[in-house]
Amino acid sequence: MLAMARPRRYYRDLIAQMYDMGVRSVPVVVLVAALSGAVTSQQSGYQFTGAVPIWVIGSVVVASVLTELGPLVTALVLVGRIGARIGAELGTMVVTEQVDALRAVGRDPVEQLVVPRVLAGTLMLPLLVILADFVGIGAGWLGALLTLPITSAEFVYGARTYFHDFALWFGVIKGAVFGATITFIGCYVGLKATGGAEGVGRTTTTVVVSGTVAVMFWDAVLARLLKAFG
Amino acid sequence: MIDLVGVSKAFGDNVVLNDVSLHVPEGGTTALFGPSGTGKSVLIKHIIGLIEPDEGDVVVDGVSIPNANRRQLSQVRQRVGYVFQGAALFDSLTVSENIRLGMDVDGCRHAEEECENRVAECLRLVNLDPMVADLYPIELSGGMQKRVAIARAFAGHQRYLLYDEPTTGLDPLNAYIIAKLIEHLQDEIGVTSIVVTHDLENAFRVADRVALLYETKVRFEGTVDDFRNSEDPVVRQFVDPSEETVSVA
């Protein structure tokens with residue numbers, strides 16, 4: 001907390017990290033979200049046709065994307081793109097004594113390296129989740145229209161039947177928690193790196209594995225939140 | 001003034017320093033010799049609190065480093081420049097930004113022009129063209145990186161400079177240039193320096209005092225002349241490595 005108290009010292013890094021984590025992640029997030037939405041509508045259509053009213057596909061796509069696929073798929077993709085990058089970057093800085101050099105010039109590595117990354121992840125992941133929600137629902141809608149016997153009116157009816165505000169907020173809350181978790185693990189494991197190139201490689205693997213497990217863990221814990229307030 | 005008093009440090013079962021005491025007087029340059037792996041780098045990292053001693057005390061300008069709070073430690077670190085063995089430049093920053101990091105904790109508190117002038121002055125003192133200011137460390141040779149690391153270490157008008165094997169890994173010409181640079185900085189800005197090195201020839205050029213770390217303890221501490229004339233067989237091995245002085249199993 002003390003390390004966050006002097007934003008003048010890290011705001012430039014914060015902006016750079018927000019750009020890297022946010023803007024540069026857009027293409028991969030859009031691609032994965034679109035595929036997730038399209039696959040969800042296809043799977044629902046395959047299983048529901050003839051069994052339940054076709055408009056239910058709209059409900060399923062919106063519910064799945066907002067509460068689960070949007071935040072979770074975005075986070076899992078970013079464990080690799082952001083978490084692994086942070087782990088490798090900080091791990092390399094440790095083994096090449098750059099972190100010691102920071103301390104040597106009187107700087108706090110937590111303030112300089114950890115705070116901007118964790119803050120950037122916490123702020124940018126929710127925005128990426130919102131983007132993934134829009135793209136996922138759009139792709140699910142389009143996929144349904146192109147391949148299933150459903151009209152736009154039916155899809156929208158199904159979507160509206162399910163939709164409630166908290167589902168949107170829930171995805172955003174999940175995004176913030178996942179963002180903080182991924183970046184914190186990347187920083188923590190990276191700063192604990194030892195050895196040379198092998199150590200950095202080990203760091204990257206640890207970040208991806210533990211980041212994935214942590215995201216899944218939070219997903220399960222936060223599901224209780226949806227049940228309580230949703 | 002820097003004083004290490006009864007410093008002991010072990011990593012697991014590996015005892016690196018055992019009751020080491022060393023006095024570094026104000027002004028001048030102390031060369032710290034010793035075989036590879038005897039803990040010379042570990043010793044000087046204690047001075048800025050990068051490593052904490054298991055026992056003993058390290059005092060810099062009256063501040064006990066192991067007992068210093070964050071603020072005191074930060075203040076001491078701003079008075080002590082450290083040149084890392086591998087230069088340890090921040091590869092995501094330009095040469096100019098690297099040097100600015102050494103100026104003060106908030107980077108450049110002064111006007112932009114003043115900062116640029118200080119960067120240019122630091123580059124001049126280490127014999128580098130001002131044009132390199134906008135380059136990244138990866139674009140520099142090993143010798144140039146070492147010089148930038150030295151510039152970063154004294155950019156904030158530090159009173160002490162600690163050099164961790166500044167000539168290791170450099171060709172003889174670049175090693176000579178770095179040694180001349182250390183000597184030149186000593187004359188021009190008058191800092192107190194500790195140079196960890198294996199390079200006796202260049203060390204004798206820049207140092208006025210010598211300490212020899214051997215088998216976890218300080219074996220010798222004194223002037224360069226005393227070191228050269230010492231009758232201690234261990235010291236003789238370093239001063240004049242030959243078949244008579246070195247016993248090879």
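Proteins get letters first, then strands, A, B, ... in listed order; numbering begins at 1 in each. Small disclaimer: the values here were computed from a predicted structure and weren't measured.
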Under 4.5 Å to a heavy atom of chain A? For B/Leu73 that would be neither

Residue that, paired with A/Asp133, satisfies side-chain contact (heavy atoms from CB on, under 4.5 Å) out of A/Val62, A/Leu128, A/Val65 = A/Val65

Smallest heavy-atom separation, B/Gln186 atom then B/Val191 atom, equals OE1-O, 2.8 Å

Any residues in residues 47-55 of chain B near chain A, with a heavy-atom distance under 4.5 Å, and which are they?
-> B/Ile48, B/Leu50

Region of B/Val80 that comes under 4.5 Å of a non-hydrogen atom in chain A = backbone

Sort by residue number and list every member of residues 72-97 of chain A having a non-hydrogen atom under 4.5 Å from chain B.
-> A/Met93, A/Thr96, A/Glu97

In short, B/His23 meets B/Asp3 closest at the heavy-atom pair ND1-OD1, 2.6 Å

In short, B/Met103 meets B/Val119 closest at the heavy-atom pair CE-CG2, 3.6 Å

Got a sec: does the OH of A/Tyr162 have more than 12 other heavy atoms crowding it under 6.0 Å?
-> yes

Taking 4.0 angstrom as the limit, do B/Glu121 and B/Arg118 come out as a salt bridge?
-> yes

Count the heavy atoms belonging to other residues, nucleotides or ligands that lie under 6.0 Å from CZ of B/Phe11, then report whether that count exceeds 12.
-> yes

Rounding to 0.5 Å, atoms CG (B/Asp164) and CD1 (B/Ile194) come to a distance of 11.0 Å

Side chain / backbone / both / neither for B/Tyr82 at chain A, heavy atoms under 4.5 Å = side chain

Are the side chain of B/Gln72 and the backbone N or O of B/Asn69 linked by a donor-acceptor pair below 3.5 Å?
-> yes

Please indicate whether A/Leu146 has more than 12 foreign heavy atoms, meaning atoms of other residues, nucleotides or ligands, lying under 6.0 Å from its CG.
-> yes

Do other residues, nucleotides or ligands put more than 12 heavy atoms under 6.0 Å from the CZ atom of B/Phe90?
-> yes

